[in-house]
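Encoded as structure tokens, the structure appears first; notes follow it.
We count residues from 1, following the sequence as given. Because the structure is a prediction, the values reported are computed rather than measured.
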Amino acid sequence: MRFLIFLILFIFLGFFVGARTDLIGSDTITYRFFYYNYQYVSYEFLFQALIESLASNGFRAEVFFFSIFILNFIVIYFLIQQVSLYIGIKRTLPFYFLSFSFLLWSSWFEVAVTNALRQGLSLNIALLSLLFFLRKRYLFFSFFFIISLLFHKSSFLVLIVPFLLVLPMGKILFIFLLLNIMYVTGWNELIVSGLLGRYGVILFSEDSYTNVIMYKGFQFGLFIYSVFWVFTYLFLSKYVNLDVKLKLNISKIVKVFIILSFPFYLLGYLPFSNRYAFLFWFLIPYMNAIFLYLFLAGRKHFLYYSFLVFMISYLYFLFLFAEDYINA
């Protein structure tokens with residue numbers, strides 16, 4: 001019943017997301033063009049299959065955008081479920097309210113459902129697979145990880161988590177600080193470019209319209225933004241009032257967040273560096289929901305307050321797209 005109610009609410013949102021104009025999402029017009037010319041496009045297998053199954057049956061691009069949004073909702077719903085099981089959340093309904101609230105307020109969720117369609121859906125599935133890994137459901141981990149790759153190949157980067165998660169937090173933080181120094185000083189560019197250059201691999205991108213080499217280098221704003229959230233969650237995790245086992249699980253989730261930042265610090269000098277940062281930035285709404293729940297769950301009327309926050313977030317997100325639809 002709970003899933004059904006949330007599904008109905010998100011189907012209503014999905015109508016406006018699907019019917020958006022090309023002014024929302026910098027890649028909306030590109031995906032719309034490729035959708036109507038799917039015979040000449042080659043995406044990852046499952047994403048291509050979704051396009052072909054809809055376009056070949058005469059459905060408009062709006063149905064395609066709607067479908068991507070609803071698929072994201074379904075994956076996110078079960079991702080929240082797995083998080084609640086892993087960290088022992090007992091009052092699950094307010095946790096759903098908080099998680100969806102932070103997502104609907106998040107610019108990263110908006111990017112995932114309007115712009116980075118392939119990577120957004122793939123990343124949600126990959127995060128779901130990581131939750132199964134944390135819960136030692138390795139068959140489900142493998143299944144959903146493969147599914148995520150069939151929507152966008154960038155999901156292979158999450159494989160660093162199973163390999164590095166065995167390291168103690170101290171070593172993870174050492175690697176994190178080392179990569180930060182490399183990113184600030186430019187050593188990451190020298191090392192990565194030097195190693196790959198030996199094999200003739202060039203990571204710079206050309207603008208498809210001007211054929212001009214695109215280069216970014218160190219970006220102070222992205223650096224400060226990323227470091228801020230890492231140290232915020234490290235600080236909060238120290239003061240969570242849980243038993244030893246569940247507190248260890250929280251620590252592991254923070255560790256996953258930190259590990260997923262590593263690709264950004266290695267490759268952040270490249271153009272479109274937010275593609276690498278998206279791996280862990282997209283976790284921020286979930287992390288905020290977790291810590292807010294853990295610190296406030298015992299408060300009186302917590303359920304009602306979380307519902308109120310959800311409704312405000314829901315109306316905010318609805319307004320973003322409804323305004324575009326009305327003015328179209």
Side-chain angles (χ1 to χ4, degrees), residues 44-46 72 75-76 78-89 99 108 112 116 118-180 182-183 188 191-192 195-196 226 229-230 233-234 237 240 242 244-268 275-287 289-290:
E44 287 84 355
F45 175 75
L46 283 181
N72 270 291
V75 174
I76 288 170
F78 290 105
L79 173 57
I80 296 170
Q81 180 190 69
Q82 292 303 310
V83 171
S84 64
L85 289 171
Y86 184 64
I87 62 177
I89 286 178
S99 298
W108 306 122
R118 289 181 296 149
Q119 188 178 11
L121 180 56
S122 172
L123 181 55
N124 271 316
I125 299 171
L127 292 176
L128 178 60
S129 75
L130 286 179
L131 260 297
F132 281 116
F133 179 84
L134 291 175
R135 297 189 62 220
K136 300 181 180 180
R137 306 291 180 86
Y138 300 122
L139 186 60
F140 285 108
F141 160 71
S142 302
F143 174 77
F144 284 105
F145 174 71
I146 292 171
I147 294 296
S148 71
L149 285 176
L150 295 177
F151 276 103
H152 197 274
K153 56 183 176 291
S154 67
S155 289
F156 83 91
L157 290 171
V158 305
L159 277 182
I160 62 174
V161 173
F163 291 103
L164 296 180
L165 198 61
V166 295
L167 297 177
M169 181 64 86
K171 291 185 178 180
I172 294 295
L173 288 177
F174 173 78
I175 297 172
F176 172 75
L177 293 174
L178 179 63
L179 291 176
N180 271 268
M182 289 171 59
Y183 177 59
N188 63 335
I191 294 172
V192 174
L195 289 174
L196 295 180
S226 302
W229 288 112
V230 168
Y233 298 140
L234 279 171
S237 65
V240 174
L242 293 171
V244 176
K245 180 182 178 182
L246 294 180
K247 194 166 186 175
L248 181 62
N249 288 350
I250 292 292
S251 179
K252 282 186 179 179
I253 289 179
V254 174
K255 194 188 292 187
V256 167
F257 179 79
I258 297 172
I259 293 171
L260 287 177
S261 74
F262 291 173
F264 168 70
Y265 291 111
L266 275 175
L267 304 172
R275 292 178 179 176
Y276 310 106
F278 197 47
L279 280 169
F280 74 109
W281 286 348
F282 194 65
L283 265 174
I284 291 172
Y286 298 104
M287 301 292 287
I290 289 171

Review point. Does any non-hydrogen side-chain atom of M169 lie less than 4.5 Å from one of L234?
Key: yes
Check your understanding: Considering residues, nucleotides and ligands other than F78, do more than 12 of their heavy atoms fall under 6.0 Å from its CZ?
Key -> yes
**Study point:** Option passing side chain to side chain contact (heavy atoms under 4.5 Å, CB included) with F280 (candidates W229, F257, F262)
**Key:** F257
Practice item. Determine, step by step, whether I172 and K255 satisfy the side chain to side chain contact (heavy atoms under 4.5 Å, CB included) criterion, reporting the C-alpha distance in whole Å, the side-chain angles of both residues, the deciding distance to 0.1 Å, and the verdict. Key: CA-CA 7 Å; I172 294 295; K255 194 188 292 187; 3.8 Å; yes
Practice item. May I ask you to check whether S122 and S155 show a side-chain donor-acceptor distance below 3.5 Å? Key: yes
Review point. What is the distance from atom CZ of F133 to atom CG of L127, rounded to the nearest 0.5 Å?
Key: 14.5 Å
Practice item. Nearest 0.5 Å please: distance from the CG atom of L130 over to the CG atom of L159. Key: 8.5 Å
**Study point:** Pairwise side-chain contact, Q82 with L128, heavy-atom cut-off 4.5 Å (strictly under)
**Key:** yes
Check your understanding: So Y183 and Y265, would you call those rings parallel, tilted or perpendicular, with 30° and 60° as cut-offs?
Key -> perpendicular
Review point. Quick one: does I76's side chain get under 4.5 Å of Y286's, heavy atoms only?
Key: yes
Review point. F132 and F141: aromatic ring centres closer than 6.0 Å?
Key: no
Review point. Above 12 or not: heavy atoms from other molecules or residues under 6.0 Å from OH of Y138?
Key: yes
Review point. Judged by atom type as modelled, is there a donor-acceptor pair below 3.5 Å linking the side chain of E44 to the main-chain atoms of K153?
Key: yes
Practice item. Could you check if a side-chain atom of N180 sits within less than 4.5 angstrom of a side-chain atom of F176, using non-hydrogen atoms only? Key: yes
Exercise for review: Side-chain contact test, heavy atoms from C-beta onward, threshold under 4.5 Å: evaluate it for V161 versus L279 and give yes or no.
Suggested key: no
Review point. Mind checking whether Y233 and M287 have side chains closer than 4.5 Å, heavy atoms only?
Key: yes
Exercise for review: Mind checking the CD1-CG spacing from I87 to N249? Nearest 0.5 Å is all I need.
Suggested key: 8.5 Å
Check your understanding: Can R135 and Y86 be said to form a side chain to side chain contact (heavy atoms under 4.5 Å, CB included), step by step?
Key -> CA-CA 7 Å; R135 297 189 62 220; Y86 184 64; 3.7 Å; yes
Review point. What are the two closest non-hydrogen atoms of K252 and L165, and how far apart are they?
Key: O-CD1, 4.1 Å
Review point. Would L46 and L149 satisfy side chain to side chain contact (heavy atoms under 4.5 Å, CB included), going step by step from the backbone distance to the final call?
Key: CA-CA 9 Å; L46 283 181; L149 285 176; over 6 Å; no
Point to revise | Min side-chain heavy-atom separation L123-S148 under 4.5 Å | key: no
Exercise for review: Give a yes or no on this: more than 12 heavy atoms of other residues, nucleotides or ligands lie within 6.0 Å of atom CG of L139.
Suggested key: no
Check your understanding: With side chains defined as the heavy atoms from C-beta onward, is the minimum distance between V230 and V254 less than 4.5 Å?
Key -> no
Review point. What's the verdict on side chain to side chain contact (heavy atoms under 4.5 Å, CB included) for V256 and V158, showing C-alpha distance, side-chain angles and the deciding distance?
Key: CA-CA 9 Å; V256 167; V158 305; over 6 Å; no
Review point. Can you tell me if S226 and W281 form a side-chain donor-acceptor pair at under 3.5 Å?
Key: yes
